[in-house]
Amino acid sequence: MASGIAQLAQDLRARKTTATQLALAALARARARADLNAFITLDENAALAAAQRAEAALAAGSAPVLTGIPFVHKDIFCTNGIRTTCASRMLENFVPPYDAAVVEKLSAGDAVPIGKANMDEFAMGSSNENSYFGAVRNPWDATRVPGGSSGGSAAAVASGIVPFATGTDTGGSVRQPAAFCGITGLKPTYGRVSRYGMIAYASSLDCAGVLARSAADCAQVLAALAGHDVRDATSVERMVDDYVAALSTTPQGIKIGVVREYFGAGVEAGVGAAVQAALRHYEKLGATLLDISLAHAALAIPAYYVIAPAEASSNLARYDGVRYGHRCADPQALEDLYTRSRGEGFGAEVKRRILVGTYALSAGYYDAYYLRAQRARRLIAHDFGEAFTQVDLIAGPTAPTVAFKLGEKTSDPLAMYAADVNTVAVNLAGLPAISIPAGFSDGLPVGLQLIAPAFAESRLLAAAHRFQLATDWHTREPPA
Ligand code: GLN
């Protein structure tokens with residue numbers, strides 16, 4: 001089995017390997033699996049320079065656990081001197097002059113980035129088919145999608161190229177690809193990790209997250225990422241828990257609310273059955289299951305697909321062909337510069353979102369769409385608050401289906417949006433959630449989603465870890 005963070009950290013300290021060897025091996029695996037299209041950029045020079053710093057830190061002693069561990073950043077995080085495309089033609093040649101907070105934090109601990117992962121353009125998508133650099137393939141079945149938008153990150157971890165990857169989750173983009181690829185994906189509370197330098201999609205929903213092989217590994221990475229940042233006004237000034245220590249606190253007698261609506265129409269029988277079996281396993285471990293209802297669950301998709309495009313239409317206004325990003329050839333006048341630069345630079349789904357968002361925010365329709373969506377958002381958040389007066393965690397399938405076929409939903413945006421039916425509410429409410437491998441359906445991985453109250457990442461990680469100590473779904477690997 002591909003090693004997790006703890007094992008690699010131990011091997012480095014026992015001098016069974018070096019950071020340089022780990023980096024070169026990860027790069028070799030990445031090249032050998034070019035068929036997955038999981039990477040937009042591989043940067044051997046940057047990786048080797050980071051590996052050398054890691055070796056010096058390890059030799060000096062007292063290096064943090066991520067020192068020398070290879071990983072990949074989703075190509076949405078700005079990396080100083082390394083191209084950052086957001087999988088868009090608009091940013092095809094953009095080389096940021098600074099690092100995102102997430103990048104800084106992992107560099108500070110001398111973790112070793114080997115490159116930038118493929119993704120849906122501007123993180124808009126649920127299948128990773130919206131990338132300017134082509135679709136990513138699912139390591140379990142190359143004819144299927146890896147999920148999106150952090151599909152490259154998920155495929156890179158699931159195929160054993162790297163033990164962890166960064167991702168972002170605006171409506172499910174860490175959890176859903178984790179579920180489709182049979183790995184663990186953590187979306188922290190909104191504001192727990194700085195968004196500084198993370199290219200904006202929908203600012204009130206965007207969260208940096210982690211994709212790894214286990215909850216224990218997610219805890220290690222979250223420990224490195226969490227914390228207040230004055231450069232992100234929505235980052236929260238609040239003490240950071242010791243997530244790693246929390247793993248060994250055995251949660252006794254936790255109450256898990258099983259959301260009726262998350263098993264509704266559209267959920268494949270095999271997915272529902274695997275998740276129910278996983279929940280029965282939790283019962284055996286001492287948890288109490290309660291049947292609960294989130295009354296406004298059905299409003300999550302419509303509210304999300306108004307709010308997210310509305311914010312996106314504003315955030316993406318900055319790509320005007322003037323300051324940075326793609327510029328059309330020989331602009332004739334200002335309007336021609338705008339329209340052709342944006343027309344050429346953005347893909348079809350991004351344009352759709354800009355149109356929907358601009359429409360929803362326009363003077364005549366603001367009250368009818370945007371304001372109503374905000375009201376629905378409030379009701380959805382309230383439902384969670386009510387539920388958490390009765391239960392410690394909330395559970396259901398991460399996604400209604402297993403990984404679907406490439407091309408299956410590309411001509412039907414609404415069917416594609418429905419893939420997010422169980423994940424978007426969590427972002428609307430700003431809560432932390434995790435997807436953990438919970439079994440298989442038709443030979444493809446199924447994810448169990450656990451949701452916790454704001455800032456209860458420790459509870460979430462401990463509960464996921466408890467399950468992973470008792471089961472081996474998270475150790476299964478796709479055929480090489
Ligand atoms: N699939 C959702 C969307 O397309 C969520 C994407 C995300 O979380 N970045 O908006």
For the residue pair [Y] / [X], report whether a side-chain donor-acceptor contact shorter than 3.5 Å exists.
{"X": "Ser194", "Y": "Asp229", "result": "yes"}
{"X": "Arg377", "Y": "Ser204", "result": "yes"}
{"X": "Thr189", "Y": "Glu457", "result": "yes"}
{"X": "Ser153", "Y": "Lys74", "result": "no"}
{"X": "His73", "Y": "Thr166", "result": "yes"}
{"X": "Thr184", "Y": "Asp217", "result": "no"}
{"X": "Ser131", "Y": "Asn118", "result": "yes"}
{"X": "Gln52", "Y": "Thr20", "result": "no"}
{"X": "His326", "Y": "Glu92", "result": "no"}

With Arg29 via side-chain contact (heavy atoms from CB on, under 4.5 Å) - residues at least two apart | Ala25, Ala26, Ile161

Does a side-chain N-to-carboxylate-O contact under 4.0 Å join [X] and [Y]?
{"X": "Glu121", "Y": "Arg353", "result": "no"}
{"X": "Glu44", "Y": "Arg31", "result": "yes"}
{"X": "Asp35", "Y": "Arg33", "result": "yes"}
{"X": "Arg340", "Y": "Asp336", "result": "yes"}

Kindly state whether the ring of Phe122 and the ring of Tyr319 have centres lying under 6.0 angstrom apart.
-> yes

Report, one line per pair, each donor and acceptor closer than 3.5 Å where one atom sits in a side chain of residues 297-306; sequence neighbours left out.
{"from": "Tyr304", "atom 1": "OH", "to": "Tyr201", "atom 2": "OH", "distance (Å)": "3.4"}
{"from": "Tyr305", "atom 1": "OH", "to": "Asp420", "atom 2": "OD2", "distance (Å)": "2.5"}

Could you tell me the separation between the [atom1] atom of [X] and the [atom2] atom of [Y], rounded to the nearest 0.5 Å?
{"X": "Ile436", "Y": "Leu448", "atom1": "CD1", "atom2": "CG", "answer": "4.5 Å"}
{"X": "Asp120", "Y": "Asn128", "atom1": "CG", "atom2": "CG", "answer": "4.5 Å"}
{"X": "Asp241", "Y": "Arg192", "atom1": "CG", "atom2": "CZ", "answer": "7.5 Å"}

All salt bridge (Lys or Arg N to Asp or Glu O under 4.0 Å) counterparts of Asp232, not counting sequence neighbours | Arg195

So Phe164 and Phe71, would you call those rings parallel, tilted or perpendicular, with 30° and 60° as cut-offs?
->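 Parallel: the ring planes of Phe164 and Phe71 meet at under 30°.
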
Do we get Lys409 above Phe404's six-membered ring, with its NZ or CZ under 6.0 Å from the centre and within 45° of the axis?
->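 Output yes; distance and angle both within limits.
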
Could you point out which residue of Thr423, Asp169, Asn422 forms a side-chain hydrogen bond (donor to acceptor under 3.5 Å, both in side chains) with Arg175?
->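 Of the listed options, the one satisfying the test is Asp169.
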
